[in-house]
Amino acid sequence: MTISLNIGNLFNDSSSHALVDELRKRTTDKEILEFEEKFNSTNEKNLHIYICRFLKNRAISRALASRWLITMINHKESKIKNN
């Protein structure tokens, strides 16, 4: 299944389900980070905003959200330390 990554301001149920499905397919840190980069380059809001929104609305589990967010935060922190 392919989804349009340009969700923009329209965040309906089908696009949010498709995004969660796409994220669940990513099992390694590398896959998560590649998806984040692709998503952020084609959408006006970054992926972490959507993950936090899913978490707030209880659309995903805390464990799943923390896995994605920790991966992204650790990557950003490592980039900062290396600069």
Side-chain angles (χ1 to χ4, degrees):
M1 173 185 181
T2 58
I3 65 166
S4 171
L5 295 178
N6 191 5
I7 294 173
N9 291 330
L10 299 173
F11 200 74
N12 59 36
D13 284 342
S14 63
S15 61
S16 63
H17 290 304
L19 179 55
V20 170
D21 288 343
E22 285 298 312
L23 281 165
R24 284 188 174 133
K25 289 179 189 177
R26 281 36 183 208
T27 57
T28 66
D29 289 353
K30 182 180 178 185
E31 290 173 329
I32 293 168
L33 295 172
E34 287 172 352
F35 182 77
E36 178 196 21
E37 184 177 335
K38 183 178 178 183
F39 184 91
N40 289 348
S41 69
T42 58
N43 290 279
E44 65 182 59
K45 292 184 181 168
N46 289 335
L47 183 58
H48 70 272
I49 299 293
Y50 291 102
I51 293 171
C52 291
R53 189 176 295 166
F54 292 147
L55 190 55
K56 179 183 172 217
N57 295 330
R58 297 180 184 203
I60 58 174
S61 71
R62 294 178 299 211
L64 193 55
S66 66
R67 164 93 168 98
W68 297 334
L69 293 171
I70 287 171
T71 299
M72 290 186 269
I73 290 168
N74 286 342
H75 178 69
K76 286 177 185 13
E77 285 179 349
S78 70
K79 284 172 65 175
I80 290 169
K81 287 179 185 176
N82 291 333
N83 287 330

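What you see is a predicted model, and the numbers here were worked out from it, not measured in a lab.
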**Q** If you round to the nearest 0.5 Å, how far is CD of E37 from OG1 of T42?
**A** 11.0 Å

**Q** Answer yes or no: is there a side-chain heavy-atom contact under 4.5 Å between R67 and D29?
**A** yes

**Q** Can you find a heavy atom in the side chain of F54 that is under 4.5 Å from one in the side chain of L64?
**A** no

**Q** To the nearest 0.5 angstrom, please state how far the CZ atom of R53 sits from the NZ atom of K56.
**A** 8.5 Å

**Q** How long is the straight-line distance from CD1 of I49 back to CG of N43, given to the nearest 0.5 Å?
**A**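 That separation rounds to 12.0 Å.
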
**Q** Which pair of heavy atoms, one from M72 and one from I51, lies closest together, and at what distance?
**A** CE-CD1, 3.1 Å

**Q** Can you tell me how far apart CD1 (I32) and NZ (K25) are? Round to the nearest 0.5 Å.
**A**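 Reported to 0.5 Å precision, the distance equals 14.5 Å.
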
**Q** Answer with yes or no whether the hydrophobic clustering places V20 together with L55; edges join I, L, V, M, F, W, Y residues whose side-chain heavy atoms lie under 4.5 Å apart.
**A** no

**Q** Do R24 and I60 have side chains that get closer than 4.5 Å, going by heavy atoms?
**A**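 Touching, per the 4.5 Å side-chain cut-off.
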
**Q** Working to the nearest 0.5 Å, report the span between CG of N57 and SG of C52.
**A**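 Separation between the atoms: 11.0 Å.
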
**Q** Evaluate the criterion side-chain contact (heavy atoms from CB on, under 4.5 Å) for residue pair L23 and L47; output intermediate values, then yes/no.
**A** CA-CA 10 Å; L23 281 165; L47 183 58; 3.9 Å; yes

**Q** Please give me the minimum heavy-atom distance between F39 and N46, naming the atom from each residue.
**A** CE2-C, 4.1 Å

**Q** So, E22 and R26, do they make that salt bridge, N to O below 4.0 Å?
**A** yes

**Q** Could you grab the distance from atom OH of Y50 to atom CH2 of W68, nearest 0.5 Å is fine?
**A** 14.5 Å

